[in-house]
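Numbered from 1 within each chain, the chains take letters A, B, ... in sequence-line order.
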There are 2 protein chains.
Amino acid sequence: MQDAQKLMLSAKGHVSATAKALKILECFTPFQHELTLAQISRLLDMPKSTLLNQLRTLEELGYLMKVRDGSAYRLGYKIMELSYCAHTAIPMSQYAIPVMEDLQDATGEIIYLTSHINGRSFYMECVYPNSRSVPYSVSGKTLPMHCTGCGKAMLSQMNTQQVEAIIQQYGLASLTPNTITDHDLLMEDLAKCRARGYALDNEEETLGVKCIAMAIRTPRGEVAGALSISGSPISMVPEVLDPYAALLARACTSLTQYAHLFPAIQLQTP
Amino acid sequence: MQDAQKLMLSAKGHVSATAKALKILECFTPFQHELTLAQISRLLDMPKSTLLNQLRTLEELGYLMKVRDGSAYRLGYKIMELSYCAHTAIPMSQYAIPVMEDLQDATGEIIYLTSHINGRSFYMECVYPNSRSVPYSVSGKTLPMHCTGCGKAMLSQMNTQQVEAIIQQYGLASLTPNTITDHDLLMEDLAKCRARGYALDNEEETLGVKCIAMAIRTPRGEVAGALSISGSPISMVPEVLDPYAALLARACTSLTQYAHLFPAIQLQTP
DNA sequence: ATTATTGTTCAGCATTACTGAACGCTATTC
DNA sequence: GAATAGCGTTCAGTAATGCTGAACAATAAT
């Protein structure tokens, strides 16, 4: 193992074996559902023999499972069970969903509720229109902040140091041809967001999806999260922006009283 | 620590520190969102000093978080992030949801898709009617099998040994006055389920919710999961049972081809 | 046939996770 | 206000245990 990584796992008062296990779980992403022992070994730069013990433990307890007729691992059901507990522990959802449903009824579009964690957008809830064939659960999804409406809405209300730190940490990856990948252009766009009070996503994360988003702040002014209205370019025409912004403003204001329940506020990020 | 528990955590080829950390996470349930160090210490019968290191590690990595202005812990956001990955890794959902939507359109009721894990019902997806104000995400929820339609549908298709083992492990807890808590009555009810091909939940898990459920089986006959139609006693009248059963039968048959993707089948339960 | 890669075993060593007692601290009790 | 009980926290010593590298069989690729 590399020394830098070794150092990260072995701080004082820490259980390095536990940290290793969690790092193993984090190797799995929405783009990488299955991993073999050798793949994890390369990803984490750990000896295979070390990993095997950890993998067996994780598998035994249901946090990993072997793919049928194969040697690859997948995240296990226990993760989802725990997540259900975590989800029910966020009482904010019960306040936010009615507000989101009102937005949905008024606009007919998709409504997202996000927070931010470690410099990334964190999706908490969504309310879809009645027309189906859309992904159901978004809870737990994360995305870079620079390329989504919610992300930019939150960034625009942070101080420059924080924004610069986030950009430096994650860069400005391009997800579509419209993604803002230039530092100065992004700062310009954020200034516009600040000026008009809301952010616009012009198919910057997914082609065919435009959105308008507004930040939710605590009474003290900290950025807790954001609400967004997303739809196709056909329905998200310029004329709807003003009325949608007004709807969002009302919704965000009403959620301010629950802002302290957002992960971004509850977590004391190191 | 008690010897029995100690033994469970320290099998050969296992990382006991990792197992401890996961056992800590599992202390949190939908009925117990917040736990203090002392509470966990009592729950797991572990010294506080031992726990503190683990808790710090879990917190540092985002798997636990401290409640604001308090010393209690809560499950962290990383759990939900991982769960999102786990959820996207189950390709079955994409096949099941259209089938569930058809059921929803035909009945107007709530449709649940479950599997079973370690003798408990495991909820995977749900499709709600357009009328709102219902809990959104059920993914990861677990319930005892004897008191739900889906659970009984699955139990009725298992062999007696398995059923007896599950009853012995979890007992027959009462969730409502209608819950079947008598062993013989339950076996009688399961026989009825077997005879007519579907299970009925007569407000046995939640008062005001009746449901009809049918098991999903693999081509080899193993019980993979179940589909259910849930509604109020007002709409779930005896006359709808036959047509609903026919709808369920078609849906369950069509999902047989994907039955190998259910957790109950993918997991080789120890 | 050969090479490369896979998952796996094992024993010994050094690391490290565990522990119990003791510490301040707050809340409760008398 | 004194006393108790409970809390989270620190710390150093030690026993335990997680880690490791080399070697294994088995498969996949060349």
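The side chain of A/K20 has D/dC19 as its nearest neighbour among D/dG21, D/dC19, C/dT8. The nucleotide whose nearest atom lies closest to any side-chain atom of A/Q54 is, among D/dC19, D/dT20, D/dC7, D/dC19. When each of C/dT16, C/dG7, C/dC18 is scored by its nearest atom to the side-chain atoms of A/A38, the top-ranked nucleotide is C/dG7. For B/T50, the listed nucleotide lying nearest its side chain is C/dT19; candidates were C/dT19, D/dG18, C/dT8. Closest to the side chain of A/A17, from the set C/dG7, D/dA22, D/dG18, is D/dG18. Taking every side-chain heavy atom of B/P47 into account, C/dT19 is the closest of C/dC18, C/dT19, D/dG18. Among the nucleotides C/dT8, D/dC19, D/dG8, the one closest to the side chain of B/T36 is D/dG8. With D/dG18, D/dG21, D/dC7 as the choices, the nucleotide that has an atom nearest any side-chain atom of A/S49 turns out to be D/dG21. Side-chain proximity of B/N53 to the nucleotides C/dC18, C/dT9, D/dT9 is greatest for C/dC18. Nearest nucleotide to the side chain of A/L37, out of C/dT8, D/dT9, C/dT19: C/dT8.
Aromatic ring orientation, B/Y95 versus B/Y258: parallel (interplanar angle below 30°, classes split at 30° and 60°).
Nucleotide C/dG7 holds its C1' atom 8 Å from the OH atom of A/Y73, rounded to whole Å. The separation between B/L52 atom CG and C/dA17 atom P is 14 Å, rounded to whole Å. In this entry the distance linking NZ of B/K48 with P of D/dC7 reads 7 Å, nearest Å. The nearest whole Å value for the distance from the CE atom in A/M46 to the P atom in C/dG7 is 16 Å. Atom NE2 in A/H14 sits roughly 18 Å away from atom P in D/dG18 (whole-Å rounding). For the pair A/L51 CG and C/dG7 P, the interatomic distance rounds to 10 Å; values are reported in whole Å.
In this structure, A/T18 and A/S71 both approach DNA chain C, and ranking their closest nucleotides by distance from the 5' end singles out A/S71.
Judged purely by distance below 3.5 Å, without hydrogens or angles, the side chains of A/T148 and A/E205 never pair a donor atom with an acceptor atom.
Annotation: B/Q168, atom CD; neighbour count of heavy atoms from other residues, nucleotides and ligands within 6.0 Å does not exceed 12.
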Self-check item: Residues B/T218, B/H260; criterion side chain to side chain donor-acceptor pair (under 3.5 Å); working and verdict
Solution: CA-CA 7 Å; B/T218 66; B/H260 61 98; over 6 Å; no
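Residue A/S16 has a polar side-chain atom (N or O) positioned under 4.0 Å from OP1 or OP2 of C/dA17. Within the structure, a side-chain polar atom (N or O) of B/R56 is placed less than 4.0 Å from OP1 or OP2 of D/dT10.
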